[in-house]
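Please read the structure below before turning to the comments.
It should be emphasised that the depicted structure is a prediction, and the values quoted were computed from it without experimental measurement.
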Amino acid sequence: MGNALQQEDTTKKNSTLLGADELVINMGPQHPSTHGVLRVKLKLDGERVRATECVIGYLHRGVEKIAEHRTYQQFAPYVDRMDYVAAVSNGLGYCETVEKLLSVEAPPRARVIRTILTELQRIASHLVWLGTHALDIGALTPLFYCFREREEILKIFEKYCGARLTTHAFRIGGLQYEAYDGFEKDVERFCKNFERRIQDYVDLLTGNSIWIGRTRNVGVLSAADCIALGASGPVLRASGVKWDLRKAQPYAAYEQYQFDIPTGTNGDTYDRYMVRMEEMRQSRLICLQAIEKIPEGPILGKVGKVLKPAAGEVYHSIEAPKGILGYYIVSDGTTQPYRVRIRPPSFVNLQALDKMVRGHLVADVVAIIGTLDIVLGEVDR
Amino acid sequence: MSPAHYLFLSLALFLIGAIGVITRRNVIVVLMSIELILNAVNINLVAFSRIFGDVSGQVFALFIIADAAAEAAVGLGIIIAFFRNRETVLADEMDLLKW
Amino acid sequence: MLDSITFYFFAGVAVLSAALMVTRHNAVHSAVLLVTTLLATAGIFLQLRAEFIFITQIILYVGGIMVLFIFVIMLVRLDVALHHIRFRLQRWVALFVALALGVEITVVFLFARRLPGQGLLIQEPAPADKLPPNTEELARSLFSSYLLPFEIASVLLLVAMVGAVVMAKKRIDQ
Amino acid sequence: MTLPPSLEAILTFLQNWWVEIVCGVVIVAVVPLIAGYVVLVERKLMADMQARLGPMRVGPHGLLQPIADALKLLIKEDLIPDNADKLIFWLAPVISMVAAMTSMGAIAFGPTFQVARDINIGILFVIGVSSLGLLGIILGGWASNSHYSIIGAIRSTAQLVSYETAAGLAIVGALLLAGTLRIRAIVDAQQQLGVWFIFLTPVAFFIYLVASIAETNRAPFDLPEAESELVAGYMTEYSGFRWALYFLGEYANMIVVGSVATTLFLGGWLRPFPNVHWLDWLDFLPPLIIAAVGVYCVYRAGKQPAEIQIWFMWAVALTCFAVAVIFAVPLFVTSLKFILPGLHGAFWFLLKVSGYIYLFMWLRFTLPRYRFDQLMHLGWYILIPLAIVNVLAIGVAMILESEFSWNRWFAALLTSLFTLGVAAFLVNLYDKRTAAASAPATAAARDPYAG
């Protein structure tokens with residue numbers, strides 16, 4: 001960090017702090033608040049940010065190239081490693097895309113259990129976001145409260161499929177494991193006390209004048225900019241655009257449940273905070289509705305051991321916690337996909353960073369990176 | 001302590017300050033030497049106020065400190081403004097009036 | 001006994017650090033040395049039982065003015081800018097002037113044949129413990145007989161503040 | 001037998017100054033230890049508020065953690081960045097440490113325990129010398145010759161300078177009531193009036209509370225070493241013992257600020273309700289509190305896994321009981337009555353200072369951090385004008401009370417309300433200004449399908 005800074009500095013005519021007209025500061029890749037290995041080059045005028053340039057690729061593992069030499073089932077675990085904070089949603093997206101390719105339908109019991117696990121994963125992902133975002137802005141305590149709740153969810157995942165983070169919970173065509181017998185009780189107990197716990201965060205942050213001071217009117221993104229930049233998820237909804245794939249193009253079992261889509265008004269960091277908090281409450285409602293009636297029946301559809309989908313292509317997208325996660329798979333009739341293209345939400349939302357940061361102070365850059373809720377595993381793939 | 005001690009001390013400080021003002025090229029060090037001279041004066045004032053038992057010497061020393069603060073603030077303001085335009089802090093390069 | 005010890009100690013420190021201050025090349029070093037001189041002078045004020053001036057010196061001079069000096073030195077990145085040399089001619093002129101002043105004063109002492117301040121018509125300075133409380137005494141005289149200069153000093157400070165801000169502000173139109 | 005004159009002089013010097021020297025030695029020896037344990041208490045409190053345990057590894061309940069930290073810091077190699085200014089790099093932490101320690105010289109930890117035996121400019125000495133710590137910060141930032149630490153140093157200087165003004169004006173408010181700078185006289189004034197100054201000038205207390213938090217670079221104002229942007233501000237390049245000096249300086253400064261607030265606003269070493277004689281059973285409180293701590297240690301001793309830890313907890317419990325007995329003795333033995341004010345006074349003083357520091361820590365765990373411009377804005381636009389108005393208000397209250405013989409409480413209440421009114425006006429002036437400055441274009445809710 002900082003070596004690039006030295007070269008730029010010396011070339012400047014006078015690099016004294018007083019006459020510093022253009023100053024380039026390096027944030028990252030080992031910066032405590034860039035959520036992984038993102039390097040942001042900030043062009044500063046005194047304290048104000050004039051322009052930014054994101055340097056990514058530090059976490060590039062070539063997942064899409066690997067997919068061309070794996071069978072459909074073998075590639076499923078790779079998908080969890082992309083957005084490692086919301087692995088279950090990645091798995092759901094991939095499995096549903098391949099099912100669409102095979103034009104196979106997962107049985108109703110599998111679809112309901114998939115919905116419950118995905119909503120739990122959404123809550124866990126938002127908790128990680130809230131904890132680290134508050135920590136960047138200086139509030140030390142919310143992080144530990146959020147991780148305490150997330151621990152409950154990870155316990156449920158562990159009981160269900162043996163893994164906490166990269167779960168590989170789903171199979172193409174349905175589920176591998178039957179819901180363990182205490183499953184409904186655990187989820188219900190979690191949802192019950194999560195109601196009180198959300199109140200802890202609201203008391204700590206929502207009414208806090210310093211929190212409002214640091215987030216209100218910071219990193220404003222208007223609806224038109226959002227759509228132009230292709231931003232999606234809470235970032236889009238906070239700017240007032242009511243667009244959620246769970247309602248627009250229902251998948252899994254979302255059409256059976258009633259929940260509303262929170263939207264903000266002026267698309268600043270505070271609105272994104274409120275939208276994600278509300279989304280956690282909605283996800284909790286979905287889980288409660290889902291566990292009342294989990295239909296009986298098989299958990300795996302009629303899918304053979306060897307998958308040889310007909311040559312063709314398919315695009316399917318789901319609403320991941322960070323935004324729209326799309327899969328475009330081209331099959332050439334063999335057991336291995338010809339091409340797998342993934343549209344990660346964090347990568348697209350990161351493009352909005354430059355527009356949001358201009359004119360703000362360095363302290364705000366940290367808050368804005370936090371509010372975009374990017375995960376570098378997904379950005380670099 | 002007899003007045004002579006304080007007089008010699010303030011004389012020494014005054015001389016050092018005067019040398020500083022004259023020899024140094026760097027305007028900031030010149031300003032510091034002026035502060036030193038003001039300090040030497042203060043010592044005398046307070047010393048004689050103690051010897052004569054009349055507190056007006058100390059009151060005057062107070063005014064000198066206030067004035068030194070004002071003078072330092074304006075002086076440094078000028079230096080900053082000058083440095084921003086001419087990139088230099090050296091006394092002998094401040095020859096704006098020379099045509 | 002205690003008085004003379006403190007006096008010689010603080011006087012020695014003051015003169016030594018003042019001499020060093022003037023000769024240092026690095027501006028920050030001379031600033032730090034000036035801080036030690038100011039603290040030593042404050043010690044002498046304390047020895048003269050002028051506590052209020054002692055604490056004003058510390059708060060205002062060291063806490064205020066020297067912070068300003070170091071601030072400017074940091075902003076202006078002085079020593080990075082260049083390594084200057086003192087002008088040749090100037091140094092000798094200064095030494096000559098100082099010498100002349102020193103000789104002149106010693107000549108006066110010799111002719112007067114007694115130390116300065118001896119002829120003054122003062123009895124013995126008041127002993128230390130019978131001195132009136134310094135702060136109250138100072139305040140009484142400051143706000144009674146010296147009220148006008150006090151007001152003028154506050155106006156002076158206001159003018160200086162405005163001047164400094166106008167001077168140092170970055171021109172908007174630049 | 002006649003001693004050589006110089007030895008004679010030293011003996012006489014020792015004779016009449018031995019109390020001060022002993023107090024000084026106690027302060028210089030005990031403060032680093034206390035600072036270490038304040039750090040431990042902070043980590044334990046933070047852990048408790050964050051649903052976790054905090055340091056439990058070194059000694060029972062982490063009681064030996066500060067010693068382990070000190071040892072680690074001593075052993076760790078403290079490296080000097082290349083082409084840094086060696087002399088000033090070494091000097092800076094020393095300045096900030098010395099400033100914090102010397103300012104403790106004038107603080108009266110109890111009616112008897114005071115190093116500078118009641119100098120004429122008591123409180124002013126404490127504030128003046130503790131403002132020297134500012135130099136340590138600037139020089140530290142400058143000497144480490146790295147871009148980030150210079151920015152950190154400039155920021156913390158600007159913050160400290162502006163909040164010192166606010167703290168000074170708040171103290172002027174309280175000094176008007178006390179009428180003197182002498183620390184002992186301030187506490188006696190609060191005893192005669194029979195009320196702590198916090199109740200007569202609550203606004204001054206809160207301004208001083210906020211300003212002192214900013215002055216010690218803590219909690220919502222700990223911007224200079226905001227981890228997320230400047231990594232560690234001016235302390236980035238320091239490590240090992242030099243960093244420990246800075247750290248000690250910060251905690252000593254916190255104790256200094258706490259004691260100034262206690263002396264001025266919370267009645268120094270006065271027992272709550274000092275003149276109310278039917279409340280005299282409060283004198284039994286100090287020994288009872290210490291005994292309670294001892295009992296808790298005994299209760300915890302049983303639960304310790306390792307043998308050595310049980311012994312250690314028993315040792316701590318026994319010391320607590322011994323101290324409790326020492327505190328109880330002057331209460332019962334009438335001949336030792338004269339010790340009572342000194343001993344209990346020190347206890348009450350330290351209790352109030354620790355309460356004040358608890359408040360610092362509490363704020364640190366809950367509040368997010370201010371941005372730099374908000375911080376400066378709060379300092380200059382709200383705190384300083386409010387402090388000036390508060391000094392005006394207290395002056396008016398005193399005149400009302402003395403000339404027009406209003407009731408003191410009524411005058412104080414009226415003027416405090418007036419100041420709060422001004423505060424409310426200043427705050428919404430601030431909100432209107434920030435709201436107007438950056439009102440974004442409100443985006444209409446657009447349904448993409450409509451397009």
[X] [atom1]: over 12 foreign heavy atoms closer than 6.0 Å:
X: Lys76(D); atom1: NZ; answer: no
X: Tyr381(D); atom1: OH; answer: no
X: Tyr315(A); atom1: OH; answer: yes

**OP:** Test Arg371(D) against Val218(A) for side-chain contact (heavy atoms from CB on, under 4.5 Å), laying out the working first.
**Re:** CA-CA 12 Å; Arg371(D) 212 178 37 209; Val218(A) 167; 4.0 Å; yes
**OP:** Give, as side chain, backbone, both or neither, the part of Thr263(A) having an atom under 4.5 angstrom from any heavy atom of chain D.
**Re:** neither
Subject >> Part of Gln374(D) within contact of chain A (heavy atom distance under 4.5 Å) >> reply: side chain
Subject >> Arg369(D) side chain near Ile137(A) side chain, heavy-atom distance below 4.5 Å >> reply: no
Got a second to check how far [X]'s [atom1] is from [Y]'s [atom2], nearest 0.5 Å?
X: Ser209(A); Y: Leu367(D); atom1: OG; atom2: CG; result: 8.0 Å
X: Gln50(D); Y: Tyr145(A); atom1: CD; atom2: OH; result: 7.5 Å
X: Phe365(D); Y: Thr141(A); atom1: CZ; atom2: OG1; result: 8.0 Å

Original post:
Do we get Arg214(A) above Tyr370(D)'s six-membered ring, with its NZ or CZ under 6.0 Å from the centre and within 45° of the axis?
Top reply: no
**OP:** Give me the one residue out of Ile212(A), Asn208(A), Leu204(A) that meets side chain to side chain contact (heavy atoms under 4.5 Å, CB included) with Pro368(D).
**Re:** Asn208(A)
Subject >> Contact summary for Thr366(D) and Ala139(A), nearest pair of heavy atoms >> reply: O-CB, 4.3 Å
**OP:** Taking all non-hydrogen atoms of both residues into account, name the closest pair between Arg148(A) and Ala51(D) and its distance.
**Re:** NH1-CB, 3.8 Å
